Amino acid sequence: MEPLLHPEQVESGLCAAVAAGLVEAGTAQRVRVAARLVRAAAPLSGEALGRSLGLSRAAVHKHVDQLRAQGFPVESVAGSGYRLTGSVSDLLAPEALLFHVLQDATPPPGPPGAAFPEWTAGLPYRYYASCDSTNRVLREMIKGDSPPAGTLVVTDHQTRGRGRLDRIWRDEGGKDLMFSVLLRPALAPSQAHLLSLAAALAVAETLTSDVLGPSPLGSPRPPVQVKWPNDVMVEGRKLCGILLEGAMDGERLHWAVAGIGLNVNADTTGLLEVIEREDVGGLGTRPRPVSVQELAGGPVPRAPLLAALLRRLTKWWKDVESPEGRVSMLTALRERDPLQGQRVEIFAGTAGTEVLAGQAVGIGAEGQLLVRTDAGETVSVYAGDVSLRPPSR
Ligand code: BTN
């Protein structure tokens, strides 16, 4: 899924993003150096790099050192310059991601410096090698200045990752995707759950179209499904979880933070052992984890995957603001609903109290789960945790 780099598009995107205050000038210069190194077939001299970027050799040297600190494998070849000795497509530093994100954001054709028409998930882009929780870091940013919609916080490792219902979200470090995006949608607080449904759909579609594709032997792959409200699953195993937090401002959602945790290259057997050992009650009735690598049959580079996710997330999050967009999002979601027709139990609250049981009969026009009780009444469920009910009960 490695996308080609289109230098003119990246350059016009960078100029527009710097002009809009979405990317710092120094980062933009390093992105340019990184993009040239990624494209180069032979070592690039500091002088040639500097000339093409309007920088001194010393400035190029400083940028290369910073790229190395971000994990770029840059070698200095005596007498000929710099070259990359390995791939950078698994790095999450802005210098490895922004060229993909900017290319996808496709600013309007026109002179460099043209403004972005609308927000894009991933701009501004904030990377931390490690943090407690990307949701918490982003919420902290909101308390300070007023970051724009689309602001992203991504990390290689969370020390206190949070799941729904006060659970812990674990990762192996440097293997998975954990990120949070700030949204400022024109939605009522009662519609906030549409943002997490849209996010789950975006993840499922991206994995299906951009990563997994048809199986190598030609037999169809098991579908990537969205178990209401927002777990992304394959054959009953969980690939991705979403934690949505928000604040109201009268009749409107003031902001929402959508936190997404996707098992990409993690060893899920090890993860399961840790959950069984450390969580009260172990995994219990929760689904077993699975990773994208297990489904793809080999390691998956995270940078192009994150860029592809951000593109689809931007699309669906913008769409759910309009009635027509909501209809198409829910139509696409219903095609990935594994609960349809199943006996289910709905649990609520951190104590996980069962509040309802019956047959799931679909997803309603407002994104609610429709459950037909044994008394024949159809109930709309807007929040809760769903388990498939064992047939014997
Ligand atoms: C769930 O319980 O299924 C939701 C898991 C959400 C995990 C993500 S990882 C990035 C973001 N930061 C957090 O602390 N949690 C979310």
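Just so it is clear, the model here is predicted, and its values are computed rather than measured. Start at 1 and go down the list; that is how both ligands and their atoms are numbered.
Leu14 and Leu97 fall within the same hydrophobic cluster, where Ile, Leu, Val, Met, Phe, Trp and Tyr residues are linked whenever their side-chain heavy atoms come under 4.5 Å apart, directly or through other members. Cluster membership check: Met329 does not share its hydrophobic cluster with Leu370, using side-chain heavy-atom separations under 4.5 Å among Ile, Leu, Val, Met, Phe, Trp and Tyr.
Each of Asn135, Thr151, Thr155 was evaluated against Ser180; a single residue qualifies, Asn135, per the side chain to side chain donor-acceptor pair (under 3.5 Å) test. When each of Asp176, Asp156, Asp171 is paired with Arg302, the salt bridge (charged side-chain N to carboxylate O under 4.0 Å, His left out) condition holds for Asp156 and for no other. The only option from Arg30, Gln29, Gln66 that meets the side chain to side chain donor-acceptor pair (under 3.5 Å) definition with Glu95 turns out to be Arg30.
Scanning the protein for heavy atoms near atom 15 (N) of ligand 1, the closest one is Arg162 O, 2.7 Å. Nearest non-hydrogen protein atom to atom 1 (C) of ligand 1 is Arg164 N, 3.5 Å. For atom 5 (C) of ligand 1, the closest heavy atom belonging to the protein is Trp169 CE3, 3.4 Å. Among all protein heavy atoms, the one lying closest to atom 12 (N) of ligand 1 is Gln158 OE1, 2.9 Å.
Rounding to the nearest 0.5 angstrom, the gap separating the CG atom in Leu369 from the CH2 atom in Trp228 is 5.5 Å. Interatomic distance, CG of Asp210 versus CD of Glu205, reported as 9.5 Å (0.5 Å rounding). Taking CG of Leu37 as the start and CZ of Arg39 as the end, the distance is 10.0 Å to the nearest 0.5 Å.
Closest non-hydrogen pair, Leu195 versus Pro185, comes out as CD1-CG, 3.8 Å.
Residues Val274 and Arg170 meet the side-chain proximity criterion, which asks for heavy atoms closer than 4.5 Å.
Residue contact check for ligand 1: Arg136 places no non-hydrogen atom closer than 4.0 Å to it. Heavy atoms of Arg167 stay at 4.0 angstrom or farther from ligand 1.
Taking a cut-off of under 4.0 Å to the non-hydrogen atoms of Phe179, the atoms of ligand 1 that pass are 10 (C). Listed by number with element, the atoms of ligand 1 under 4.0 Å from a non-hydrogen atom of Gly161 are 14 (O). Close approach of ligand 1 to Thr134 (heavy-atom distance below 4.0 Å) involves ligand atoms 10 (C), 11 (C), 12 (N). Which parts of ligand 1 touch Gly163 is read off a 4.0 Å heavy-atom cut-off, strictly below it: atoms 1 (C), 2 (O), 4 (C), 5 (C).
By the criterion of a heavy-atom distance under 4.0 Å, neither the backbone nor the side chain of Asn230 is placed next to ligand 1. If you look at Ile242 next to ligand 1, the close heavy atoms, those under 4.0 Å, all belong to the backbone.
Inclusion of Lys238 in the set of residues having an N or O under 3.5 Å from an N or O of ligand 1 is warranted. Checked by distance only, ligand 1 and Arg160 stay at 3.5 Å or farther apart across all their nitrogen or oxygen atoms.
Comparing Gly261, Ser196, Pro287 against atom 8 (C) of ligand 1, the shortest heavy-atom distance belongs to Gly261.
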